[in-house]
Amino acid sequence: MGDEPVNVKEYQELAKQALPKMYYDYFAGGSEDQHTLRENVDAFQRIIIRPRILVDVSKIDMSTTILGYKTSAPIMIAPTAMHKLAHPEGEILTAKAAAACNVIMGLSFMSTCTIEEVASSCDAIRFFQLYVYKRREIAALMVKRAETNGFKAILLTVDTPKLGRREADIKNKMIAPQLKNFEGLISTEVDDNKGSNLEASASRNFDPSVSWKDITWLKSITKLPIMIKGVLTREDAIKALEVGVEGIIVSNHGARQLDYVPATISVLEEVVDAVQGRAPVLFDGGIRRGTDVFKALALGADAVISGGTKTLTQGCPDFFFHRATVAVGRPIVYGLAAKGEYGVRRVIKMLKDELELTMALSGCPTLNDITRNHVRTRADNHHCRL
């Protein structure tokens with residue numbers, strides 16, 4: 001391998017070399033047997049692209065909007081925790097890379113840079129990820145700080161009433177740093193002789209009583225649109241719309257929570273079909289190539305938009321959505337660990353360049369041209385045999 005990686009996998013190898021084993025395992029690992037961790041990636045390989053020929057692809061347009069905010073491609077940076085474990089300047093560099101690439105950044109609730117530091121670092125469009133702690137005033141304070149500092153949406157993570165069993169972190173006795181956002185509010189200092197202090201801190205702070213009624217509480221304390229992160233079923237997608245969220249993120253938490261749940265790409269269509277274009281559908285989990293982005297867009301196309309941009313009516317008439325949009329987590333951290341801000345920019349550019357090439361070779365000059373007929377899944381093959 002040369003000095004300059006040519007794909008995301010090579011950035012992952014560089015990150016593995018650069019990081020202490022404890023930190024690499026934290027970023028790369030999943031829960032328990034890591035079955036879902038493998039499936040998140042492997043499931044994409046079972047989806048086949050069906051290209052169209054003799055289409056004018058001399059100009060490719062990947063631009064779109066997410067919650068009304070323009071972005072250069074249907075790719076955003078997923079909220080991932082503790083970037084300073086990957087690089088001393090942490091989320092500030094990630095935000096600067098997002099601004100340079102004109103993509104939206106999701107900032108983790110567990111960021112190692114403060115909300116204010118990230119906000120003042122650049123002009124990137126930013127969404128803020130939220131966990132609800134037992135002390136609700138902490139969540140309320142974080143939401144207020146995000147809103148005051150120009151964040152544009154709240155990404156409420158709902159799949160973490162308790163922390164998943166991440167055995168590599170337990171074996172490594174993973175030590176998380178003190179988080180500046182919570183100085184004077186909570187402490188993450190615990191007895192590290194008993195395993196991961198992440199697990200101990202989560203047990204002490206995460207609120208397992210959070211339920212659908214708390215969406216009403218959250219809506220009462222912010223004017224920002226709320227997207228719910230962690231939906232894997234038709235039933236929960238419908239319920240999310242009923243309680244009035246402005247968007248849905250299909251996610252299994254990077255396979256770090258409950259093992260043996262489906263790969264997110266395998267349930268994307270189910271959720272999109274349930275939503276029927278009434279709210280944006282974002283997607284994360286397993287994206288490693290531009291072809292993966294293309295496949296996710298194709299599987300999100302039929303029920304969201306077919307042949308045009310649709311106005312959403314869930315209390316936000318000026319929001320527009322353009323197919324399922326993908327959020328990328330681990331590859332961003334690998335780029336940051338390997339080569340800092342430059343590495344993050346390169347990872348984003350790689351995915352954008354690969355998506356552009358895939359669109360050209362598939363006969364899709366715009367995102368509107370990507371349809372369900374451009375991919376074939378194993379379920380399609382089964383139906384054909386029937």
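Residue indices begin at 1 and follow the sequence shown.
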| field | Shared hydrophobic cluster for Val41 and Met350 (ILVMFWY, side-chain gaps under 4.5 Å) | value | no

Rounded to the nearest 0.5 Å, the CD1 atom of Ile115 sits from the OG atom of Ser120 at a distance of 12.0 Å

### Task
Identify whether the distance between the nearest side-chain nitrogen and carboxylate oxygen of Asp25 and Lys21 falls below 4.0 Å.
yes

Review point. Quick one: does Thr64's side chain get under 4.5 Å of Thr71's, heavy atoms only?
Key: yes

For the residue pair Asn368 / Thr366, report whether a side-chain donor-acceptor contact shorter than 3.5 Å exists. no

Here the pair of heavy atoms bringing Arg378 nearest to Arg46 is CZ-CD, 3.0 Å

Aromatic ring centroids of Phe151 and Phe127 under 6.0 Å? no

Rounded to the nearest 0.5 angstrom, the CZ-CG distance for Arg165 and Leu258 is 14.0 Å

On a heavy-atom basis, the closest approach of Phe206 and Pro161 is CB-O, 3.9 Å

(message) When you compare the side chains of Thr112 and Glu91, does any donor N or O come within less than 3.5 Å of an acceptor on the partner?
(response) yes

Taken to the nearest 0.5 Å, the spacing of Ile125 CD1 from Ile66 CD1 works out to 10.5 Å

Worksheet item: So, Asn149 versus Arg126: side-chain donor-acceptor pair below 3.5 Å or not?
Response: no

Here the gap from Thr325 atom OG1 to Leu67 atom CG, rounded to the nearest 0.5 Å, amounts to 9.0 Å

Between Ala337 and Ala18 the two heavy atoms that sit nearest each other are O-CB, 3.8 Å

Does either side chain, that of Gln257 or that of Arg166, offer a donor lying less than 3.5 Å from an acceptor on the other one?
yes

Requested in this report: Answer with yes or no whether the hydrophobic clustering places Ile287 together with Ile49; edges join I, L, V, M, F, W, Y residues whose side-chain heavy atoms lie under 4.5 Å apart.
Outcome: yes

Of all heavy-atom pairs linking Gly254 and Asn40, the shortest is C-ND2, 4.1 Å

Correct closest heavy-atom pair for Arg136 and Asp207 would be NH2-OD2, 2.9 Å

The single option from Leu299, Val272, Val250 that satisfies side chain to side chain contact (heavy atoms under 4.5 Å, CB included) with Val267 is Val250

**Prompt:** Is the number of heavy atoms from other residues, nucleotides or ligands within 6.0 Å of NZ (Lys219) greater than 12?
**Reply:** yes

Checklist line | Arg376 and Asp380 ion-paired at < 4.0 Å | finding: no

By salt bridge (charged side-chain N to carboxylate O under 4.0 Å, His left out), Asp259 pairs with (sequence neighbours left out) none

Between Lys352 and Ser72, does any side-chain donor sit less than 3.5 Å from a side-chain acceptor?
-> yes

Do Leu37 and Tyr23 belong to the same hydrophobic cluster, where Ile, Leu, Val, Met, Phe, Trp and Tyr are linked whenever their side-chain heavy atoms lie under 4.5 Å apart, directly or via other members? no

Output for pair (Ser121 OG, Lys96 NZ), nearest 0.5 Å, gives 6.5 Å

- Between the side chains of Tyr131 and Asn205, does any donor sit under 3.5 Å from an acceptor? no

Ring-face cation contact, Tyr26 with Arg256, 6.0 Å cut, 45° max
yes

- prompt: Do Ile75 and Leu357 belong to the same hydrophobic cluster, where Ile, Leu, Val, Met, Phe, Trp and Tyr are linked whenever their side-chain heavy atoms lie under 4.5 Å apart, directly or via other members?
  reply: no

| request: For salt bridge (Lys or Arg N to Asp or Glu O under 4.0 Å), just list the numbers for Arg345 and Glu341, CA-CA rounded to whole Å, side-chain angles, deciding distance to a tenth of an Å, and then say yes or no. | output: CA-CA 6 Å; Arg345 291 170 65 169; Glu341 179 188 345; 3.6 Å; yes

pair His87-Leu336: side-chain heavy atoms closer than 4.5 Å: yes

One should read off an interatomic distance between Ile265 CD1 and Lys295 NZ, to the nearest 0.5 angstrom, of 8.5 Å

Decide if the gap between the ring center of Phe294 and the ring center of Phe44 is smaller than 6.0 angstrom. no

Other residues, nucleotides, ligands: >12 heavy atoms within 6.0 Å of Lys70 NZ
no

Between Tyr334 and Glu10: side-chain donor-acceptor atoms closer than 3.5 Å:
no

On a heavy-atom basis, the closest approach of Ala298 and Thr371 is CB-O, 3.5 Å

